[in-house]
Amino acid sequence: IDYTGTDPSSPCNKCLSPNETPCVCTINFTLEQSFEGNVFMYYGLSNFYQNHRRYVKSRDDSQLNGDPSALLNPSKECEPYRRNEDKPIAPCGAIANSMFNDTLELFLVGNESDPTPIILKKKGIAWWTDKNVKFRNPPGGDIPLEERFKGTTKPVNWVKPVYMLDSDQDNNGFINEDFIVWMRTAALPTFRKLYRLIERTNDLHPTLPAGRYYLNITYNYPVHSFDGRKRMILSTISWMGGKNPFLGIAYIAIGSISFLLGVVLLVINHKYRNSSNTADITI
Amino acid sequence: MEQEPAAAEEPGSPEARRRRRRRREGRTRTVRSNLLPPPGAEDPGTSVAKGARRRCAGTQHLADNRLKTTKYTLLSFLPKNLFEQFHRLANVYFVFIALLNFVPAVNAFQPGLALAPVLFILAVTAFKDLWEDYSRHRSDHEINHLGCLVFSREEKQYVHRHWKEVRVGDFVRLRCNEIIPADILLLSSSDPDGLCHIETANLDGETNLKRRQVVRGFSELVSEFNPLTFTSVIECEKPNNDLTRFRGCIVHDSGKKAGLYKENLLLRGCTVRNTEAVVGIVIYAGHETKALLNNSGPRYKRSQLERQMNCDVLWCVLLLVCMSLFSAVGHGLWVQRYQEKKSLFDVPESDGTSLSPVTAAVYSFLTMIIVLQVLIPISLYVSIEIVKVCQVHFINQDIELYDEETDSQLQCRALNITEDLGQIQYIFSDKTGTLTENKMVFRRCTVSGVEYSHDANARRLARYQEADSEEEEVVPRGGSLPQRGSSGSHQSVRIVHRSQSTRSHRRTGSRAEAKLASMLSKHTAFSSPMEKDITPDPKLLEKVSECGRCLAFARHQEHPLAHLSPELSDIFDFFIALTICNTVVVTSPDQPRQKQVRVRFELKSPVKTIEDFLRRFTPSRLTSSCSSIGSVAATKPAHKAGSSFLSTLPNDSALLGLEERLGPPAPALASNGYSSGARGWAAQCAAAREPQPEPEPEPHSEPQPQPGPEGELRYEAESPDEAALVYAARAYNCKLVDRLHDQVSVELPHLGRLTFELLHTLGFDSIRKRMSVVIRHPLTDEINVYTKGADSVVMDLLLPCSADDARGRHQKKIRSKTQNYLNLYAVEGLRTLCIAKRVLSKEEYACWLQSHLEAESALDNREELLFQSALRLETNLHLLGATGIEDRLQDGVPETIAKLRQAGLQIWVLTGDKQETAINIAYACKLLDHNEEVITLNAESQEVCAALLDQCLHYVQSRSPHSAPEKTAGSLSVGFSPVYPPSTVTTAGPSLSLVIDGRSLAYALEKNLEDKFLFLAKQCRSVLCCRSTPLQKSMVVKLVRSKLKAMTLAIGDGANDVSMIQVADVGVGISGQEGMQAVMASDFAVPRFRYLERLLIVHGHWCYSRLANMVLYFFYKNTMFVGLLFWFQFYCGFSASAMIDQWYLIFFNLLFSSLPQLVTGVLDKDVPADVLLTKPQLYTSGQNREEYRPRTFWLNMADAAFQSLVCFFIPYLAYYDSDTDVFTWGTPITAIALFTFLLHLGIETKTWTWLNWTACGFSILLFFTVALIYNASCATCYPPSNPYWTMQTLMGDPVFYLTCLIAPVAALLPRLFCKALQGSLFPTQLQLARQLAKRSPEKLSAPKGTFAQGHVPGEPRTEPSEQRSLRASGSFSQDCGSQASWHAQQPACSPEASGEPSVVDMGMPLREDALLEGLSGQTPGASSPGQVVLEGCPRYSRRKPTSTSRAAPLSSIFSLPSFSSLSWISSLSLVSGLGSVLQFSRSGLQMDKRDGEFLASRPQPDQDLRGLSGQTTDCF
């Protein structure tokens, strides 16, 4: 679901103007089929070059791993998002600086008046290794995160510092999963990133029954300036991962091409078998 | 010369000690004894000279004898080696790229990492250099520490020193069989005549002994040479590399000067033979010795393929720049577009300002160059070097190129032009020694106008030729023996011996034993039994013995020769000339290289009085000496005189009488005859004379194994002609028994031993084309000149005979007759030599002698003076006769030439021989055919030549007008139809041949005619250039090479071919009879001409196709890989970002994908050797550069682009709009690329061995292992990719596997299809041959023959498992099952394995095994296990059809009765169909295709099977 709001009729169109902050808009949609099993909620960005060379470089893995020295003295790669007002930025770099900060809320309109909020799970969306190995908060045991991040400042574009990303201590600071997901730079300019999980609560009910829903968006992330697009995607996952019809199509296409070629070769072989035999004899 | 300073440097007082003195002035070097005191120190008069000398000594060093061939020292290694490596442009390029990476604004990788591959390559090369240098150092060390005896001043005797301590001016004493440590001037020899024999095999490969002479003036010193008394100064040339020239002079105390020649010089590396001890002074040492100056390293030639490759590398660079430019522009635009919009992902500069688009574009350009550097394959050069080294190794190891006879094999001397062997278009061949054996056999002769045809000899030779294997019966030669027996009654004893000896030869006459014999007697050059064993012509033999009888009777009279009729005297002279006029050295095999008869004469120098001579050789002395033979304790003077006529006729009977009387020692004496008697006798003399007894030959009491009384004298000659003539003379009982530098002993039938005083020898040279000896005839005391030379030269030098008197007329008649016979000989292909004689009066001789001596002692232009002096002597000759010597064709020459012809090679023969001889040889070796038209060009002048050429051209054009325009295009490949070799395109009727002689060739090679000549020559099937000089040979080669742009190969064996060999693209030397010069100059050395066939047709073809394919593959691989990156730029704003992790990017080429292609490059054999040999036409693919042309290159590049597109966009689409990150997405792409490369290689590989499998498996394994380890190693390292746990995550993702399967298949589909289509519609010769090779073993009932030819390296390993499959039918299915699983274990790299669950289809190479795969391909998807097993088995058994028991699996399948399902039947019929019908491969291929499709569309298996069985019945 595209909620960028370029279309004037879109409810989010109003948020395009920079002066309206914070801007909340609501988008209605209907699910024709119910979603069985776990549902993954993605946000998708288009025309966003997360794979730009200098963008990709602009991070400091040691800092993200909680190395205290790197925390206060980030790598040069982070320039120009390395220091702000003589304080080191944590997390430094352009990637962190441009973190996606829209907030999405999903509501099921069960009956007209009483929409049910869908429980969106924040944890479990990042790779386990990322969360537990690659990304670590600065050491410090029981000391509150704020203390641990002392001496650093927030990235320029951020509203809150890194230690206030979430109230949950296990999902705060560098190990905030939204942050981790964002830091995994996308391969292509059109990408999606996992935003939330909608877990199946019991076996009898579908996770997301068919029906009308609405999406509440706190619109912060400006993509319009560079012709970017924002989307929200709901998807279940099969054994193959996300739903992508391409592979199936590719297999069928290539299979049939091979078949065609096989037939062609068969015909050709029948026709030319004799001539090739004679050619054999002449050499 | 510099007499002035030399005189000034006379020694002062002897007590002062100096190590050595040196001085060099202008072009000369002065050497004096190290033992001498410093000159001038006490000499007040030479202070100026001293100063000058000191200055010279300070600035110039004479090299000491330390050998140092190493390039580097420990310190200088690194800079020097790096410097040398940076001569290669590619290295500079890569270092530049790596350094570019250090610039922060543009760097793409971690700087250190980017340096890694360059450093790796440099390190590998450096290590290789270091190793080579170290082994050189070791061998140097070994040589430097060889010991020799050097005279030490302190101890006043010879002491042991290492070679490296020998210095210029030292006195060195060498004993027999020692190797000479430096260039030494021979000052003293234990040989009484001041001679020393050396073997120069180390220098030029000639095994015959060369004679060296003590410096004149020192040979008089009978007592042992004392170095302390040596005060002379030697002036000689500066060190140079001319082995055949040395000149200088020695200045004695008295101011006398004596010339020094090369006869006085012992060269480093030679071996002293036949001489107990020699002493000499070192003149040149160490690196200044001629041997080392001659020793230049291996030549560097750049092969054609490499040139083309370099050109393509440049294209790649261009492509790289284009790509970079493109993306730079793109990036500039992108930056412009997004910058003002303040997009979130735009990273400004560190100071906050954003980059201007232009700057960004420039940065992007540089970064792109770094990122895309992979396009220029960094490992290409290293890989090619490795492949070439391996190829050279294989060629060297090829057992088929091993020559038993000479115990030699092919050597590759040039390492980097192996692939040129596969592209040769023109072969330029020498004739003598190349096409022919260069083993001369005396065939015919004519003496004074009478021809002696030697029919028996001819018959015998014919027998040699035909009877190669069959055991030859000992033919007692009944025809000739009685005749000889009757020829002289006194000879009967000897004739019995002779026939024994000849019989022993005959016994060894069978070919195999001849080989053995020649191997046993490797020391002796030119002494195969065939040459030695000559059956005399009975007529001539009779005349010879008659002549001998006459002479024996007439001996005591005043003018013995006058009693002979002119004819007989001519015959006598003829044989004397044959025997004497040469430089043959006589040795005896039982005492190798030990001079047997050491009878010393008081004949000192050539300059003597006639009276003295007469006095010494009066008949009375002769008879008295005869009586003294039996007495052991003869006095020395008696020896001196008597031994010369030791073996006169009465002597024979005396010996026989002695033999009867003496008892025990008698048999030895008898069997050895007088030579052994003389030997023992001489030994005692020697013992008495010399302080140290020479090694005694053998005790007399031992029975002699030798069959003949001759004691098997061996003749070692510098040229095989000489040996042949001497052996021929021996057959006429005119034996050369001894040869010293001033005398020659000849044994004659009735006269016994005659000793000729050898006054002069004017050696053979190629300008005069003759050699002469001046002797004093012992019977007549006349001074005779015997000249032997090429007929054209000698005939012109004959005494002009007046037609008036009868004698003159007779002479004229003889001459014309001889000329006729000469022509006849030439027509028969014999080498002709004329023998002539001149009688000099004493006055004439004295006059000539004076001028000759002057010439000899002259230092400047001595050669010229000597030449003129020789000219003066060799005039007014009296023709004696002529000889015809046959030079037999080598084994297999006609066949080889025919094969090479078929292979589309043009063969030109460039020979120095006569036109007739050359033409005959050409006919004999099928170079010319009798139904061909032969155009002969013999022009006397430029104009005539031009006219003739025009005429011929007109003629040729009128014959084939249609082909003329095509031919003018200059390239032979134009208008070439693949079935016929190019030379036969024009000729529907008889083909043309061109014969041109040397003079016309000289005209034709003029600037204005060379085009016409070439044009004409191109029309001809073969070209024969006769009488051509070495220079002309090289000019012809150069002409063809430059004008026709053709690849040329020159093959030759002698020094006269060296220039030609060096000019040609590929020079091949034959390590044959004429020394090693040709081999030294060559790139390849073969033992025989016939090995050229295998070398070119098999190895050349292989090397070319391997290397061409490998280079193409390299380009493909890199382009494809870079393509992936390039496509990505479209999706990352052209920011030069790479989705592939930098580690993979950098090491992909180097580690992951390099091994399989190396293995393929080394081992791939597109067509088996036997097929290549039977179908030489296949060679034309190399000539036309079919495998590697610009067109194929660009097709290849296009394919690479396509494949990269597929390999990029399949993952792109698969991961489009997903949550993968850059490097998680890049890793599958890398994997896909790897799989695609391997599969592509699989398509290109024609022979699969276990090594290929291993290499592929290893590559994949390595990639995954490295990826896993790398991704697990560090959580925070390797920015920016930080691929922690990426691979591990991917391994759990099915999409990864699915894309990895589909993408390579899709990428390779077009290529495969095109290949298959082209293979069935327009198969190339090679493909047909490959197919043929596959089916031929099946057609053969006895596959053993082909099995031997295979030599597939992997065969031994796979065989056992195959044998396993051929067991009894009970365990058969299980075995097959295990084999099927074995297949399944192979990496899944066949394209049809795309998601195919059936195990059988995995792991088979596609194209060449297509017909095998047809079998497996027809079991789709889920079939019964039994069927799988069945399918696996026949395929497997068919895959190695060359195995010995190949038929077994088929029959065992048939014998399996139990199963009766439909699938069984169909597959059985299929198997049988394959067993008998062979065209199935095509259908097999598309079955395979179809199969690939089944997995997607899942059709009914039954249907397919039905279709298949229907098809099989079609096949039946």
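By convention in this document, chain letters (A, B, ...) are assigned in the order of the sequence lines, proteins followed by strands, and residues within each chain are numbered from 1. Predicted model only: the values in this text are computed from it and were never measured.
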Most heavy-atom pairs under 4.5 Å with chain A, out of B:A1136, B:A1303, B:A1306, belong to B:A1136
I'd like to verify something: which residue of A:D130, A:T185, A:N65 has the highest number of heavy-atom pairs under 4.5 Å with chain B? A:T185
Hey, would you say the B:Y1131 and B:W334 ring centroids sit under 6.0 Å apart? no
Less than 4.5 Å to any heavy atom of chain A: does that hold for the side chain of B:Y1212, its backbone, both, or neither? both
Non-neighbouring partners of A:D67 that pass salt bridge (Lys or Arg N to Asp or Glu O under 4.0 Å), sequence neighbours left out: none
B:F1128, part contacting chain A, at a heavy-atom distance under 4.5 Å: side chain
Test your reading of the model: is there a side-chain donor-acceptor pair from A:K230 to the backbone of A:Y221, 3.5 Å cut-off? yes
Among side-chain atoms of A:Y55 and B:S1135, is any donor-acceptor pair under 3.5 angstrom? no
Interface moiety of A:V181 toward chain B, non-hydrogen atoms closer than 4.5 Å: neither
Region of A:W128 that comes under 4.5 Å of a non-hydrogen atom in chain B: neither
What residues, two or more places apart in sequence or in another chain, satisfy salt bridge (Lys or Arg N to Asp or Glu O under 4.0 Å) together with A:K131? A:E177
Please identify, among B:A1138, B:S1137, B:G1226, B:S364, the residue contributing the most non-hydrogen atom pairs under 4.5 Å to chain A. B:S1137
Passing candidate, side-chain contact (heavy atoms from CB on, under 4.5 Å) with A:D60, options A:C92, A:P88, A:P91: A:C92
